[in-house]
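Below: the structure, in structure tokens.
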Amino acid sequence: MKIYQLPEGEVPKKLKTTKNGLSHPEAERRLKEYGPNKLKEVKKKPIIFNFLENLYNILALILWAASSLAFISGTPQLGIAIIAVIILNAIFSFWQEYEAEKAAEALKSILPSKAKVIRDGEEIEILAENIVPGDLLILEEGDNVPADARLIEAHELKVDNSTLTGESKPVRKVSHPIKKYDNYVETPNLVFAGTSITSGSGKAIVYHTGENTEFSKIAELTQEVKEEPSPLQKQIANVARIIAIIAILMGIILFLVNLYIIKLPPNLAFIFAIGLMVANVPEGLLPTVTLSLATSARKMVKDNALIKRLSSVETLGSTTIICTDKTGTLTRNEMTVRKVWIPYKIIDVTGTGYEPKGEFIWDKKSLTHKDIREIKLLMRAASFCNDAKLIPPDDNSGWQIIGDPTEAALLVAAKKIGFDRDQEMKKIPRITELPFDSKRKMMTSIHQKPHKKVAYVKGAPKRIISLSKWISVDGKPEPLTREKRKEILQIHDEIASQGFRMLAMAYRDLPNQLEDYKPDNIEKDLILVGMTALQDPPRENVKEAVKECQRAGIRIIMITGDYGLTAAAIAKEIGIIPDENYQIIKGKELDKLSDDELKNILKRENNIIFARTVPEHKMRIAKVLEGEEEVVAMTGDGINDAPALKKADIGVAMGSGTDVAKEAADMVLIDDNFATIVKAVKEGRTIYENIRKFITYIFSHETAEIVPFILMVFLGIPLPITVMQILAIDLGTDTLPALALGRSPPEADVMDKPPRPPHERLLNLPIILRGYLFIGIIEAILVMSGYFWVLYNGGWTLGEHLAFTDPLYLKATTMVFAGIVMAQVGNILTCQTTKSSVFEIGLFKNRWIIWGILFELIILFSIVYLPQLQPIFGTAPLGFNEWLYLLSFVPIVFLADELRKAVFRHFRL
Ligand code: ATP
């Protein structure tokens, strides 16, 4: 018989396992036999191709053209030098891309997929790759199915099979035997690797793992998905392209001017044109950006924010709205039952819980026997209808919880009053459950008493109360009148508005003939037994993070499934909404609003929170905000949150959330903490600013390299800088300092200004003005002054021709070359900040800057002083006075830009 034809009870035997799962040694043995549960690695494109790609991108093509021209014009040494530059540049770019890719891969491996299995009768969580045939899987809403398996238990189980069938509507799964199927991957009692559980729960025994799974057969086709370049990378590529075109045009113009107006010999005219072109090309810009993004993503992981796509780093920086859940993100999700309500009395829960190894104590002196009896009845429902577990302390740790903290808190309260769920459940075993879902906002567990079945229900009080017909007073049902309902709801609201999370509990004796366990059949005519009030304090740092967002012009909107008054109390406490003048919008009210009305409500001046929502509401809010020029970060953890996470600009999943949510998200919060989102936004803003800083830095030297060519044409002076020297700056001295700038620490005011407009260009006017014009022209003036100073001191007069080998000419060009490098030392120091003074962050706070400058100076001195390099670069040693002169460039450039910043700050420009 085939695996799907067997009755549930025979499946374990067939797969050589038991209802208690495999034993640990057997699982280990099978792991050796069958190998890890992983897909076959797709062979990657040989790495050499990545390297070769760098030899024929647009910038490299310009350099190839330049080198050919150099050969044609009879200067093979220059041609060879440019080829060397292309290759060096390719190696450099390749190395950066490789580093970036490695960083991205490392990020991926941080979130290993896990699976819940039963081994030796115990539920444990293991890495999905350690699953073996015969493993007994526990499947719950939101889980990815890790291997192909046969269901032996299924409660309202539905699966998203779209990875296999393309059909995105969830399909129902069952555990009973099937005679035959139409389509293998649609067999109702089989679940397959690569699919996910959309609702319900179940147990299944694995029969195929790794390469034997159905998914593996199609996965080979889909595994390699190349990451799209981010908008920023595209912008940079665009900038590079535009600059390249300008470079070519300028080269051609210079060539023609030299040839026809100045009447230089064609080969010389060629060389100068090549020089100008090379001077303009920002080699290495793109890979530097990619590496900076990757480095930044790696840094974020240390702060518990796992970035899944590099492009998210920059989007994060422009976030304008954070839509956040409450429970677990803003609050600690460490629940404690503080009060209980039994008909008709509020009782404080006193004593200690399970922390750390302690006993469960409740000071019961003030309680009557009747109180205790009624609390126990309440706790029976609270802990029967409950999937959490309390694990007793061992030598190293205190009590531990498995499962939902809300449910665990109820177990603790039950233990405190002296109700032991596990003992009691032996007498009244569970038949099945109707799992919690965020739409019904309740959960039911059905149990077998000796002569009848009973349903225990817990959930959102308003719902439960509206479904209850009776109220249990001293264990006996009494009609729940309208007045009583009102009275109870008033008490509920009073407690909820203090920030307590409320749950109500009820039960119902079921008619014996009832077999179809559907919510509609079961969750009605209930007997209300009471309510619990749970406290979930806000997380540490959340208040500060909220304040930081407010300073940074980022709006926070709470979208919670919890009750409005509870949510509002917490939101007020952490500062999301003011004490007065706010609006709570319930999910149901939201449904009635048109898009325009919702847009109106979402306006910045309104203080709103959304309560009693379901995940679809998040999607609606994300959609409406999409058209509003907002950049939205949206948190979520459940499977139904996935579409909203995809829709938002930045989907943020919780580390503790479902696999499906994590897959849909752009960022995963390893610690679930709201404050981590804010840290990530700050990092995103910083990296964007840093990229702008190094663009400014690179642009400044270009002006200093271009101006000499212009002066040569207009004044008829000997060319102040040689092509080889330009290459030495662009691809030598300036590379590491530029990279160092990419790692600048955040400026003090990064979170004090509003988010940048989403469509703002990376290369905006202020950058061009500061880099190309302000600093660039200062640098050009300085180096040209040095050039003329050396020439005039050497007895040169304007109009006099100098041979390229003339010692005076060599010294003068060396002055220009060294001058640009020294000016760039001053430039890198000032470029560390955009608006604030560098002294505020510390001149050398970024250690990479020191290494960058050292590197720059070592190359400079090698080129000026090493006899082997002098002829290649056309340099000659400089004297003490010249160095003194050059040294002054550092403070001049630095202070001039600092002064500019001070003036801008003064006039708030
Ligand atoms: P957030 O959406 O901010 O994370 P939340 O966790 O309170 O908030 P849901 O999980 O959708 O949102 O819960 C909504 C409501 O459902 C809760 O306020 C509570 O009344 C009820 N509820 C939550 N968990 C359970 C559970 N395990 N069993 C029964 N009812 C529950």
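This chain uses plain numbering: 1 for the first residue, then up along the sequence. Remember, it's 1-based here, ligands and their atoms both numbered in the order they're listed. These numbers were taken from a predicted model, which means no experiment stands behind them.
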Counting non-hydrogen protein atoms only, what is the nearest one to atom 20 (O) of ligand 1? Give residue, atom name and distance.
Ala460 CA, 3.3 Å
Between Phe610 and His617, is the ring centre distance below 6.0 Å?
no
Starting from atom 6 (O) of ligand 1, locate the nearest protein heavy atom and write down its residue, its atom name and how far away it is, to 0.1 Å.
Thr327 OG1, 3.3 Å
Check whether any side-chain heavy atom of Ile446 sits under 4.5 Å from a side-chain heavy atom of Leu510, and report yes or no.
yes
Where does Leu503 meet ligand 1, judged by heavy-atom distances below 4.0 Å: at the side chain, the backbone, both, or neither?
side chain
Atoms of ligand 1, numbered as shown, that sit under 4.0 Å from any heavy atom of Met502
20 (O)
Mind checking whether Ile650 and Ile677 have side chains closer than 4.5 Å, heavy atoms only?
no
Sort and list the pairs that fulfil ring-ring contact (aromatic ring centres under 6.0 Å, His included) and have at least one residue in residues 537-564, not counting sequence neighbours.
His492-Tyr563
Contact between Ile488 and Trp341 at the side-chain level, heavy atoms closer than 4.5 Å - yes or no?
yes
Can you tell me if Arg612 contacts ligand 1 (heavy atom of the residue under 4.0 Å from the ligand)?
yes
Which residue in the set Asp536, Asp562, Asn333, Thr635 passes side-chain hydrogen bond (donor to acceptor under 3.5 Å, both in side chains) when paired with Lys326?
Asp562
The closest protein heavy-atom partner of atom 28 (N) of ligand 1 is Lys458 NZ, 2.9 Å
Tell me: protein heavy atom nearest atom 31 (C) of ligand 1, and distance?
Phe436 CE1, 3.2 Å
Name the closest protein heavy atom to atom 30 (N) of ligand 1, giving the residue it belongs to and the distance to 0.1 Å.
Gly459 CA, 3.3 Å
Please indicate whether any nitrogen or oxygen in Ile559 is less than 3.5 Å from any nitrogen or oxygen in ligand 1.
no
Short version for Glu407: what comes under 4.0 Å of ligand 1, heavy atoms counted, is side chain
Atoms of ligand 1 under 4.0 Å from any heavy atom of Thr560, numbered from 1 in the order shown, are 1 (P), 2 (O), 3 (O), 8 (O)
For ligand 1, find out whether one of its N or O atoms is nearer than 3.5 Å to an N or O atom of Lys326.
yes
Would you say the side chain of Leu330 lies within less than 4.5 Å of the side chain of Met558, judging by non-hydrogen atoms?
yes
What part of Asp404 sits under 4.0 Å from ligand 1 if we count only heavy atoms: the side chain, the backbone, both or neither?
side chain
Test item: Lys524 and Leu526 side chains (from C-beta on) under 4.5 Å apart, heavy atoms
no
Polar contacts were defined as any N/O atom of the residue lying under 3.5 Å from an N/O atom of the ligand; does this apply to Asp562 and ligand 1?
yes
Does the distance from a Lys or Arg side-chain N to an Asp or Glu carboxylate O, for Glu616 and Lys439, drop under 4.0 Å?
yes
If the test is side-chain hydrogen bond (donor to acceptor under 3.5 Å, both in side chains), which one of Arg440, Arg463, Arg508, Lys518 qualifies with Glu523?
Arg440
Do ligand 1 and Arg501 have nitrogen or oxygen atoms that lie under 3.5 Å from each other?
yes
What protein heavy atom sits nearest atom 12 (O) of ligand 1, and how far away is it?
Gly561 CA, 3.4 Å
